[in-house]
There are 2 protein chains.
Amino acid sequence: MTTQSKVNNIFYKEGQKLLVAVDCIVFGFNRGKLKLLIMERKIEPQKGKWSLIGGFVQKDESLDQAAYRILQACTGIHDMHLDQLYAFGEVDRDTGGRVVSVAYYSLINLELFEQELLKEYNAKWINIDDIPELALDHNKMANSALEALQKQASIKPIGFELLPEKFTLPQLQLLYEAIYNRKMDKRNFQKKILKNDLLIKLDEKDKSTSKKGAYLYRFDLDKYSKIKSNEDSFYIKV
Amino acid sequence: MTTQSKVNNIFYKEGQKLLVAVDCIVFGFNRGKLKLLIMERKIEPQKGKWSLIGGFVQKDESLDQAAYRILQACTGIHDMHLDQLYAFGEVDRDTGGRVVSVAYYSLINLELFEQELLKEYNAKWINIDDIPELALDHNKMANSALEALQKQASIKPIGFELLPEKFTLPQLQLLYEAIYNRKMDKRNFQKKILKNDLLIKLDEKDKSTSKKGAYLYRFDLDKYSKIKSNEDSFYIKV
DNA sequence: AATTTTAAACGTATGCTATACACTTTTATG
DNA sequence: CATAAAAGTGTATAGCATACGTTTAAAATT
């Protein structure tokens with residue numbers, strides 16, 4: 001046996017084609033609660049069960065494109081940000097056959113969300129600590145995504161993707177408290193957030209939650225895109 | 001058009017089967033240098049070019065299993081640790097056809113490495129800052145893996161996977177300096193490392209690199225597996 | 001007009017951690 | 001016995017995380 005043929009025998013195997021899916025873990029934020037978008041599963045197995053938003057990758061589209069296509073069709077949102085989470089590839093993860101699924105997660109600004117799509121697709125937002133049993137390994141995916149979100153939130157200013165363009169510091173704090181599932185100190189939180197110098201204080205107040213009213217802020221996207229390049233210029237230790 | 005059929009038209013598409021590969025970014029450490037394992041590509045396209053270690057996922061094995069099989073066949077090592085890095089899924093990433101590749105990275109203790117396999121597979125270790133042009137998108141994969149390694153190294157004691165069982169603090173420092181590609185202060189480094197209280201100082205010295213000799217240490221695996229569960233008990237800010 | 005109510009805004013003191021920095025110890029070698 | 005080469009060790013300083021309570025603004029109520 002030559003070396004070459006030995007190599008082939010031991011580890012070189014011809015490729016076998018598999019189904020490749022993408023599943024999207026979509027987070028939203030509303031009224032102080034972090035939410036997850038789920039919908040009724042449209043295909044067997046487990047048709048009709050609650051599940052993440054997903055679909056199959058086509059031959060002529062990248063993984064990113066597939067995730068984008070599916071998420072856009074289902075939320076109506078354009079230009080949303082998607083991050084790849086993990087490729088789930090257990091042999092028996094889909095009881096209907098071998099499917100490798102690449103999970104993506106996304107943060108959605110609920111203001112931009114087309115509510116009518118919820119009905120159209122039998123979808124709904126549920127509170128993050130109230131997730132039902134989902135199809136296949138989707139609960140595992142959702143949990144991983146929440147962990148990833150927590151990691152992200154400490155090294156990147158992710159708030160502006162989940163909040164409206166103008167938001168107050170108390171709102172932002174509620175978001176972080178929802179993500180990390182614990183109360184934070186108001187003064188320390190504001191110090192940490194403002195230290196990064198990425199928020200612009202506006203001359204407007206939001207009086208919807210208090211008589212005094214809270215100042216509105218917006219993210220300084222210009223400054224952010226400048227510093228994004230040089231690593232760890234943003235940092236929130238939570 | 002019913003709602004259901006509209007759904008199908010817009011975003012539900014039948015699955016198309018694709019080739020799924022795994023590629024492994026294998027790091028080693030020797031003589032103060034961080035190394036990457038590459039081999040001659042065995043298949044078209046770009047047959048003969050340097051590339052990462054890779055192969056196709058079979059129908060009856062998980063992604064993890066495929067990566068493990070391929071890496072084990074190529075290094076002879078058992079029980080090595082593999083982490084999934086990212087799924088690379090551009091349509092044209094493989095010029096020979098549509099292949100989605102899930103990249104894994106691994107840290108190898110060079111002492112355990114069967115050197116004869118290097119010749120058998122036309123493989124070699126190259127210094128991390130001396131990587132040639134690799135096949136397909138493998139350079140991109142290697143770069144991502146190095147970034148992931150840097151992140152890992154600051155939150156987990158990964159040293160023991162790249163070093164022999166017994167090692168000296170200067171050796172460990174060289175490893176971190178190689179990973180982060182910069183010099184560190186000896187005294188501060190030792191303080192940070194020892195503070196985690198995961199190293200056991202032995203009564204032996206390694207005199208291979210100095211007349212005085214440096215004390216050998218080993219990782220306290222027991223203690224590590226105990227604390228591993230409760231998050232962020234380990235922390236090296238670099 | 002004065003009082004009450006509600007949430008927002010704000011500052012300081014303390015302890016911990018990262019960092020900067022230089023001399024002494026050991027022992028093989030000549 | 002002198003030299004050389006790397007290992008080992010401590011302190012002072014600045015920045016950051018944390019804990020903690022009072023004042024301010026403005027609407028609502030009397």
Side-chain angles (χ1 to χ4, degrees), chain A residues 31-32 150-151 153-155 157 159 163 166-177 179-180 182-218 231-238, chain B residues 31-32 150-151 153-155 157 159 163-164 166-180 182-218 231-238:
Chain A
R31 291 188 224 170
Q150 292 178 343
K151 271 185 202 156
S154 72
I155 53 171
L163 292 171
K166 298 174 182 181
F167 53 87
T168 66
L169 293 184
Q171 265 182 294
L172 186 61
Q173 181 172 348
L174 282 173
L175 172 58
Y176 274 86
E177 289 179 342
I179 291 175
Y180 291 101
R182 64 183 169 80
K183 286 276 168 202
M184 297 179 187
D185 181 86
K186 205 169 24 165
R187 289 157 292 185
N188 294 336
F189 179 79
Q190 298 201 3
K191 261 183 289 182
K192 276 189 264 197
I193 291 290
L194 294 174
K195 182 163 49 64
N196 288 298
D197 205 29
L198 283 171
L199 297 188
I200 298 172
K201 189 176 187 171
L202 305 176
D203 242 357
E204 282 174 86
K205 283 188 164 187
D206 167 37
K207 298 200 177 174
S208 62
T209 55
S210 83
K211 291 158 183 168
K212 183 179 177 181
Y215 280 104
L216 286 163
Y217 288 77
R218 61 178 180 81
E231 74 231 35
D232 52 35
S233 35
F234 179 86
Y235 175 64
I236 297 180
K237 172 107 172 48
V238 281
Chain B
R31 292 188 225 172
Q150 291 178 343
K151 272 184 201 155
S154 72
I155 53 170
L163 292 172
K166 299 174 182 179
F167 53 86
T168 68
L169 293 183
Q171 265 182 293
L172 186 62
Q173 182 171 348
L174 282 173
L175 172 58
Y176 273 86
E177 289 179 343
I179 291 175
Y180 291 101
R182 63 182 168 81
K183 285 277 169 199
M184 298 178 185
D185 180 86
K186 207 171 21 164
R187 289 158 293 188
N188 294 337
F189 179 78
Q190 298 202 1
K191 259 184 291 183
K192 275 189 264 196
I193 291 290
L194 293 175
K195 182 162 50 61
N196 288 298
D197 206 27
L198 283 170
L199 297 188
I200 297 172
K201 189 176 188 174
L202 305 177
D203 241 356
E204 283 174 85
K205 282 188 163 186
D206 167 36
K207 296 200 175 172
S208 64
T209 55
S210 83
K211 290 158 186 168
K212 183 178 178 182
Y215 280 104
L216 286 163
Y217 288 77
R218 61 180 180 80
E231 74 230 37
D232 54 34
S233 36
F234 180 86
Y235 176 62
I236 298 181
K237 172 109 170 50
V238 280

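Numbers restart at 1 for each chain; the letters A, B, ... are given by sequence-line order, proteins then strands.
Within the 4.0 angstrom heavy-atom criterion, only backbone atoms of the sugar-phosphate kind lie near B/Thr209; the bases stay farther away.
Spacing between atom CG of B/Leu216 and atom P of D/dG8 amounts to 10 Å, rounded to whole angstrom units. In this entry the distance linking CD1 of B/Ile193 with P of D/dA7 reads 16 Å, nearest Å. Spacing between atom NZ of A/Lys205 and atom P of C/dT6 amounts to 18 Å, rounded to whole angstrom units. Rounded to whole Å, the distance from OH on A/Tyr180 to C1' on D/dA17 is 15 Å. Between B/Leu202 atom CG and D/dA7 atom P the separation is 17 Å, expressed in whole Å. When rounded to the nearest whole Å, the span between CG of B/Leu194 and P of C/dA18 equals 14 Å. As a whole-Å value, the separation of A/Phe189 CZ from C/dC10 P is 15 Å.
For C/dT19, one of the phosphate oxygens OP1 or OP2 lies less than 4.0 angstrom from a side-chain nitrogen or oxygen of B/Lys192.
Once rounded to the nearest 0.5 Å, the distance linking CG of B/Asp206 with NZ of B/Lys166 reads 10.5 Å. In this structure, A/Leu174 CG and A/Phe167 CZ are separated by 13.0 Å, a value rounded to the nearest 0.5 Å. For the atom pair CG of A/Leu169 and NZ of A/Lys186, the computed distance is 11.0 Å after rounding to the nearest 0.5 Å. One distance of note links CD of A/Glu177 with CG of A/Leu172; it measures 10.0 Å at 0.5 Å rounding. Going from atom CG of A/Leu202 over to atom CD of A/Glu204 covers 6.0 Å, rounded to the nearest 0.5 Å.
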Can you check side-chain contact (heavy atoms from CB on, under 4.5 Å) on A/Leu194 and A/Tyr217, steps first, answer last?
CA-CA 11 Å; A/Leu194 294 174; A/Tyr217 288 77; 4.1 Å; yes

Chi angles and distances behind the side-chain contact (heavy atoms from CB on, under 4.5 Å) call for A/Leu216, A/Asp203:
CA-CA 7 Å; A/Leu216 286 163; A/Asp203 242 357; over 6 Å; no

Quick test: give all pairs of protein nitrogen or oxygen and nucleotides 9-13 of chain D nitrogen or oxygen below 3.5 Å, distance rounded to 0.1 Å.
from   : atom 1 : to       : atom 2 : distance (Å)
D/dT11 : O4     : B/Lys191 : NZ     : 2.7

Pull out every protein N or O sitting under 3.5 Å from an N or O of nucleotides 27-30 of chain D, one pair per line with the distance.
from   : atom 1 : to       : atom 2 : distance (Å)
D/dA27 : OP1    : A/Lys207 : NZ     : 3.0

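Geometrically, A/Lys205 engages A/Tyr215 in a cation-pi contact defined by less than 6.0 Å to the ring centre and at most 45° from the axis.
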